[in-house]
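What follows is a single structure, written as structure tokens, with notes after it.
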There are 2 protein chains.
Amino acid sequence: MTGERRKFRREGADSRRQALVLATLDLIAEQGVRGATVRAIAERADVTQGLIRHYFSTKDELVQEAYLAHMAGLTEQTFAGVVEREAALGRLAALVVASVTPPVVDAASVGLWAGFLNHVRQDARMRAVHAQTYHDFRDRLERLIVAALEEAGRAPDAGQARRLAIACNAVIDGLWLEGGALPEAFGPDELTGIALTAVGAILQLDLEEAAKT
Amino acid sequence: MTGERRKFRREGADSRRQALVLATLDLIAEQGVRGATVRAIAERADVTQGLIRHYFSTKDELVQEAYLAHMAGLTEQTFAGVVEREAALGRLAALVVASVTPPVVDAASVGLWAGFLNHVRQDARMRAVHAQTYHDFRDRLERLIVAALEEAGRAPDAGQARRLAIACNAVIDGLWLEGGALPEAFGPDELTGIALTAVGAILQLDLEEAAKT
DNA sequence: GGCTCAATTATACGCTTGCATAATTACAAC
DNA sequence: GTTGTAATTATGCAAGCGTATAATTGAGCC
């Protein structure tokens with residue numbers, strides 16, 4: 001009865017790193033940062049804990065990469081399907097709807113974001129990722145807003161465009177947050193309607209009509 | 001050279017509990033939940049760790065009480081100074097301004113909130129506190145909105161009032177979040193102006209004028 | 001001034017954590 | 001088939017964690 005050593009398959013560095021990152025995100029989403037221990041991550045990725053050290057020189061490095069992946073995925077999910085429309089107004093409406101609809105609005109996603117925030121505040125590199133993700137999203141939103149306004153024959157100056165983008169982004173973020181943190185407080189399509197009305201009111205555009213087409 | 005035992009003063013249960021709660025909030029705000037260990041909390045409160053167990057049967061109980069205190073303080077800070085005006089419009093403007101101004105908007109405060117969120121998701125009692133805090137705030141906001149609209153000769157029905165409150169709350173929360181998480185991204189009074197304009201646009205009321213008086 | 005008792009300190013236990021290092025093994029090259 | 005090597009497992013360690021419990025001590029009361 002020799003202690004049977006565990007069998008394993010060799011895999012490429014990329015696929016293993018990705019698997020570890022995914023396992024990390026799963027665990028943080030489910031149990032908070034507390035639950036994402038090195039051992040739990042390894043188990044979830046079906047690997048022994050030593051391997052983590054082989055791919056990431058420290059746990060913080062893994063967490064950092066997981067954060068990057070999560071934020072990139074969030075932006076990607078939000079903008080998926082936005083480009084396929086002709087009118088800027090329609091694209092804007094689609095973006096707003098996507099921002100307050102699953103899978104973007106989701107308890108795990110918000111929990112993940114919150115779990116990372118304190119790491120973000122203490123690590124310079126994560127702070128940079130955070131700032132860039134935020135600004136990227138807001139810039140794309142601002143360009144869409146400007147396009148939609150120009151389409152309607154209005155031309156905001158730079159300062160106005162910036163302020164409008166910040167305000168619309170705030171509506172979206174606020175609803176994202178509340179929808180994710182307190183899902184049972186809202187009806188099925190309630191957030192969608194509110195988001196379209198509110199952003200429409202701020203921009204003085206009819207987004208609700210545009211969303212239907 | 002006998003190991004000198006530490007001197008101490010006896011204090012009332014209330015004051016000690018409060019000191020421990022404050023120390024907990026300080027630490028979570030500064031270093032995240034990770035840094036708020038029993039030993040660190042005790043040191044910050046100038047007490048030995050055994051005393052924590054004397055007042056709280058478990059660490060989670062202390063964290064729970066700290067969360068309650070933080071949320072109550074946040075609502076209180078936001079509504080302080082709102083009641084002193086005659087016109088509902090002015091009170092609403094004051095509330096909006098207070099919501100996006102320090103000390104409510106603050107990196108530590110947002111960090112605290114984020115640090116608690118994952119505890120909230122796993123503990124039923126904390127979830128109840130969270131839901132109630134949110135609904136309390138939104139209900140007060142809704143009443144203020146209804147009063148301001150009636151003052152302007154408009155009478156929203158219940159559904160409209162609810163949706164308007166959710167939307168305005170989202171703007172406020174979104175700006176609170178972004179202002180706290182990314183302070184350097186905004187000018188000094190920028191958030192105030194944006195908040196007033198955006199909420200004003202949603203409600204079709206002139207809040208900026210009302211805020212000046 | 002001594003008694004009493006809760007408030008406080010002191011100490012220690014068992015567990016988990018992140019990290020290090022040595023031993024194995026799958027797989028490709030020749 | 002042998003060999004080389006990087007991928008993977010196995011094992012261990014020191015530190016920190018929350019919790020339990022026993023020993024002290026301040027302070028009000030008679």
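First the proteins, then the strands, lettered A, B, ... as listed; each starts at 1.
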Rounded to whole Å, the CG-C1' distance (L51(A) to dT21(C)) equals 15 Å
Taking dT9(D), dC19(C), dT11(C) as options, the one with an atom nearest any side-chain atom of F8(A) is dT9(D)
**Message:** Taking only side-chain N and O atoms of T37(B), does any of them lie within less than 4.0 angstrom of OP1 or OP2 on dC17(D)?
**Reply:** yes
Closest to the 5' end of DNA chain C, once V47(B) and S57(A) are matched to their nearest nucleotides, is V47(B)
Q. Quick one: is R53(A) getting a side-chain N or O under 4.0 Å of the dC19(C) phosphate, OP1 or OP2?
A. no
Taken to the nearest whole Å, CD1/I52(A) to C1'/dA20(C) is 14 Å
request  = Answer yes or no: is there an ion pair linking E190(B) with R162(A), defined by an N-O contact shorter than 4.0 Å?
outcome  = yes
Between G50(B) and K7(A), whichever has its closest DNA chain D nucleotide further toward 5' is K7(A)
To the nearest angstrom, the CZ-P distance between R17(A) and dA7(D) comes to 12 Å
To the nearest angstrom, the NE2-P distance between H119(B) and dG18(D) comes to 10 Å
The residue among L164(A), N169(A), V146(A) that forms side-chain contact (heavy atoms from CB on, under 4.5 Å) with L141(A) is N169(A)
Just to confirm, is there a sub-4.0 Å distance from OP1 or OP2 of dT8(D) to any side-chain nitrogen or oxygen of Y55(A)? yes
note: E43(A), atom CD; dT17(C), atom P; distance rounded to Å ~ 11 Å
| query | Contact class for E11(A) (heavy atom, under 4.0 Å): base, sugar-phosphate, or nothing? | reply | sugar-phosphate
Taking atom CD of E11(A) as the centre, does the number of heavy atoms from other residues, nucleotides or ligands within less than 6.0 Å exceed 12?
-> yes
Separation between CZ (R6(B)) and CG (D46(B)), nearest 0.5 Å, reads 5.0 Å
So CG of L205(A) and CG of L92(A): to nearest 0.5 Å the spacing works out to 7.5 Å
Using a cut-off of strictly less than 4.0 Å, decide whether H54(B) has a side-chain nitrogen or oxygen near OP1 or OP2 of dA7(C).
-> yes
In whole angstroms, the gap separating C1' of dC17(D) from CG of L62(B) amounts to 15 Å
Task: side-chain N/O R16(B) vs dT8(C) OP1/OP2, d < 4.0 Å - done: yes
Within 45° cone of Y55(B) ring axis and under 6.0 Å: R16(B) NZ or CZ: no
message = I'd like to know if R10(A) reaches the base of dT8(D) with its side chain, counting only an N/O donor and acceptor under 3.5 Å.
response = no
Residue-phosphate contact under 4.0 Å: R6(A) side-chain N/O, dT9(D) OP1/OP2
yes
- Query: Has the side chain of R39(B) got a donor or acceptor that lies under 3.5 Å from a partner of the other kind on the base of dG16(D)?
  - Reply: no
Review point. Between dA27(D) and R9(B), is there an OP1 or OP2 to side-chain N/O distance shorter than 4.0 Å?
Key: no
Rounded to whole Å, CD of Q49(B) lies from C1' of dG16(D) at a distance of 11 Å
E61(A) CD to dG18(C) C1', in whole Å, measures 14 Å
- Query: Between dT19(D) and T58(B), is there an OP1 or OP2 to side-chain N/O distance shorter than 4.0 Å?
  - Reply: yes
